Amino acid sequence: MSAVFAVLCALLAPVAADLHAVNCSQVKDAVADLGYSPANVPTEETAGDNLQFCAPQRTCCNAEMEENFSQRSSRDFEKLMDDTSEELRDTFMTRHKRFDEFFLELLENTERSLNEMFLRTYGKPYLQNAEVFQGLFAELKRYYTGGNVNLEEMLNDFWMRLLERMFQLLNSQYLITEDYLECIGKYMEQLKPFGDVPKKLKSQVTRAFIAARTFVQGLMVGREVANRVSTVTMSSACVSGFTKMLYCSYCQGLFSLKPCNNYCLNVMKGCLANQADLDPEWSKYIDAMLLVTERLEGPFNIESVMEPIDVKISEAIMNMQENSMQLSYQVFQGCGQPKPSGMSRSARGVSDTFSGRFSPYNPEELPTAADTTRLDRLVTDVKEKLKKFRKFWSSLPEAFCQEEHVAAAESAEDDCWNGRDKGRYVPEVLKDGLTNQANNPEVSVDISRPDTLIRQQIMALKVMTNKLKNAYDGNDIYFQDSNDESSGSGSGSGCTEMCVTESDPFITDAPVQEAEKTDETSSASIIQPKLLLLLVFAALALKEHWR
């Protein structure tokens with residue numbers, strides 16, 4: 001019996017020796033390659049009872065080495081996160097900058113173009129009234145840059161101010177008071193002095209600016225979310241799991257082995273559980289951004305709307321000039337005959353009205369003509385990037401574990417580090433997200449405590465997605481409820497050019513403004529239309545004489 005026992009002991013001795021024997025001198029060399037002093041490595045293997053992360057078995061590591069590995073793994077994780085998210089962060093930063101610069105440059109070029117063409121075409125009358133147009137562009141820029149501007153109200157104010165200036169120029173032989181101008185304003189919608197240009201332009205400008213501003217805001221939100229989520233601090237459980245995965249193999253002398261791919265995935269899914277929860281809302285946000293790009297490509301995109309705006313405004317001015325007699329007649333009928341100014345045009349210092357005409361619109365004349373396809377190129381580029389990053393956060397574990405220095409290839413499932421030894425990793429790979437990590441075998445995750453920062457970013461994405469969807473429909477949520485429900489107006493009403501209605505009939509029985517009802521004006525208000533028309537022609541003849 002003793003002989004048999006001796007034979008068994010002899011046979012098992014080599015196996016036991018192979019199982020426990022670790023060449024600590026080789027570990028010293030490997031640790032030195034990592035940049036640590038080999039003097040800290042034990043000369044002989046120990047039981048490892050004082051280790052926190054690495055398995056308590058025969059080992060060449062001690063507590064000091066494990067702490068060094070822990071600190072190193074934290075830096076490795078941060079760098080890995082930084083490297084993996086670099087393209088995402090850079091994409092949102094650079095695209096936000098490019099679009100913002102483009103839209104601001106477009107506004108500046110358009111204003112400069114209008115100023116040059118109006119000055120060349122209309123001369124002194126334009127200079128005397130340039131602040132009306134300067135105010136328009138100032139408000140457009142203020143809206144784009146985030147100002148609290150109701151686009152529709154602002155555009156209505158612009159046309160009203162232009163009407164007041166034009167009416168005064170066309171009727172400079174009369175004393176036009178502020179009260180009289182206010183009366184004119186009440187009937188602007190029925191009079192339609194500028195034809196359908198204001199309504200069409202309002203529809204196009206509001207949709208174009210709502211889309212442009214919201215899209216740039218969306219890029220900014222994406223940039224901020226990417227920056228914040230990419231710097232989330234590791235939990236202690238994540239540090240422990242990551243250290244065990246990357247460096248505990250050194251303690252066993254298996255430093256040449258890379259972690260098994262499925263092992264790496266479970267560690268990463270535990271460490272990045274909260275980031276994965278960002279993905280559903282992030283995907284909705286990306287889809288909404290892609291939706292708004294359609295508005296940046298459509299026929300009423302901000303580039304195609306703004307570049308010919310000087311021509312459109314000039315068309316409106318010429319429409320009012322061509323109908324000035326009929327317009328004045330209708331105004332006098334509705335608001336009463338204004339008092340004569342008592343001074344000639346030259347004495348009042350009022351020059352001729354806007355009498356010039358634009359030549360047919362030629363895009364090549366515009367300063368921005370060289371950039372006519374620039375917006376298209378920007379949109380095409382950003383669409384490709386947005387689609388690429390749609391599932392970014394849930395794909396982070398796979399992205400991490402595909403790095404050659406982090407994990408072994410999937411094909412090397414039997415020749416990899418499984419957390420305890422060389423061999424296949426048996427546990428099942430878990431699904432993404434916090435709630436799926438309750439039984440993560442590698443990282444202890446408290447699924448009852450979602451990360452506060454991540455939840456804040458999820459809420460920011462929800463808010464931005466809602467804005468983007470409204471912008472796609474032509475609605476600016478800042479103002480959609482600001483006006484009376486009965487008016488049906490408000491910035492971004494959602495109406496397109498096809499919504500323009502037929503011109504309302506001219507005023508036929510409008511009240512006379514009380515402030516202007518003197519004996520003279522009262523009698524003038526009941527003058528027969530033929531006689532009033534003769535007076536208008538006489539006034540126009542005098543105007544030609546004063547020129």
Side-chain angles (χ1 to χ4, degrees), residues 125 129 132 152-202 313 315-343 345 348 350 353-355 483-484 486-489 500-543:
N129 298 277
V132 176
E152 287 197 358
E153 290 183 1
M154 182 273 291
L155 290 169
N156 289 339
D157 289 344
F158 164 73
W159 291 111
M160 180 58 64
R161 292 185 66 195
L162 187 59
L163 170 62
E164 293 172 356
R165 298 299 180 92
M166 289 289 297
F167 190 84
Q168 288 175 306
L169 286 171
L170 290 167
N171 296 276
S172 57
Q173 69 271 30
Y174 295 109
L175 180 63
I176 308 298
T177 65
E178 290 295 325
D179 289 339
Y180 199 87
L181 291 175
E182 183 177 347
C183 177
I184 296 173
K186 293 179 181 179
Y187 304 115
M188 184 172 180
E189 185 64 25
Q190 295 95 321
L191 292 171
K192 295 192 181 300
F194 301 110
D196 281 340
V197 173
K199 184 168 286 189
K200 290 181 178 180
L201 200 60
K202 180 165 62 176
I313 293 175
E315 288 174 359
I317 291 172
M318 288 187 288
N319 184 81
M320 181 172 175
Q321 287 182 240
E322 291 169 357
N323 297 283
S324 60
M325 288 188 296
Q326 188 178 21
L327 174 66
S328 296
Y329 167 67
Q330 296 293 339
V331 170
F332 294 159
Q333 188 180 43
C335 296
Q337 186 82 16
K339 297 177 181 179
S341 64
M343 292 184 291
R345 289 167 57 92
R348 293 182 64 198
V350 180
T353 186
F354 294 120
S355 58
N483 293 308
D484 294 337
S486 60
S487 70
S489 64
V500 177
T501 57
E502 294 293 324
S503 299
D504 295 322
F506 279 131
I507 304 169
T508 56
D509 189 18
V512 178
Q513 183 178 337
E514 293 296 329
E516 297 294 330
K517 290 179 63 177
T518 62
D519 291 341
E520 178 181 355
T521 57
S522 297
S523 61
S525 66
I526 57 175
I527 295 177
Q528 294 298 321
K530 288 185 179 179
L531 180 58
L532 181 57
L533 195 59
L534 288 174
L535 291 174
V536 171
F537 278 120
L540 289 173
L542 287 173
K543 180 174 72 173

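Because the structure is a prediction, the values reported are computed rather than measured.
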Nearest atoms (heavy-atom pairs only) where K192 meets N319: O-ND2, 4.3 Å
Those residues that, when tested against P193, pass side-chain contact (heavy atoms from CB on, under 4.5 Å) (two or more places apart): L163, M188, L191, M320, L327
From CE (M166) to CG (N171), nearest 0.5 Å: 10.5 Å
side-chain contact (heavy atoms from CB on, under 4.5 Å) assessment of E178 paired with E164: CA-CA 9 Å; E178 290 295 325; E164 293 172 356; 5.6 Å; no
CA sep, side-chain torsions, deciding dist, call: L162, I317, side-chain contact (heavy atoms from CB on, under 4.5 Å): CA-CA 9 Å; L162 187 59; I317 291 172; 4.1 Å; yes
Results of side chain to side chain donor-acceptor pair (under 3.5 Å) for N156 - residues two or more places apart only: K202
Distance in Å, I313 CD1 paired with W159 CH2, rounded so as to fall on 0.5 Å steps: 5.0 Å
Separation between OG of S324 and CG of L169, rounded to the nearest 0.5 Å: 11.5 Å
Rounded distance [0.5 Å steps], CG in D157 versus CD in E152: 12.0 Å
Minimal non-hydrogen separation, Q190 against K186, with atom names: OE1-O, 3.8 Å
Which atom of G334 lies closest to which atom of C183, heavy atoms considered: O-SG, 4.4 Å
For F167, all residues meeting ring pair (Phe, Tyr, Trp, His ring centres under 6.0 Å), sequence neighbours excluded: none
Aromatic plane relationship, F332 with Y174 - under 30° parallel, 30 to 60° tilted, over 60° perpendicular: perpendicular
Interatomic distance, Q337 atom CD to Y180 atom OH [nearest 0.5 angstrom]: 6.5 Å
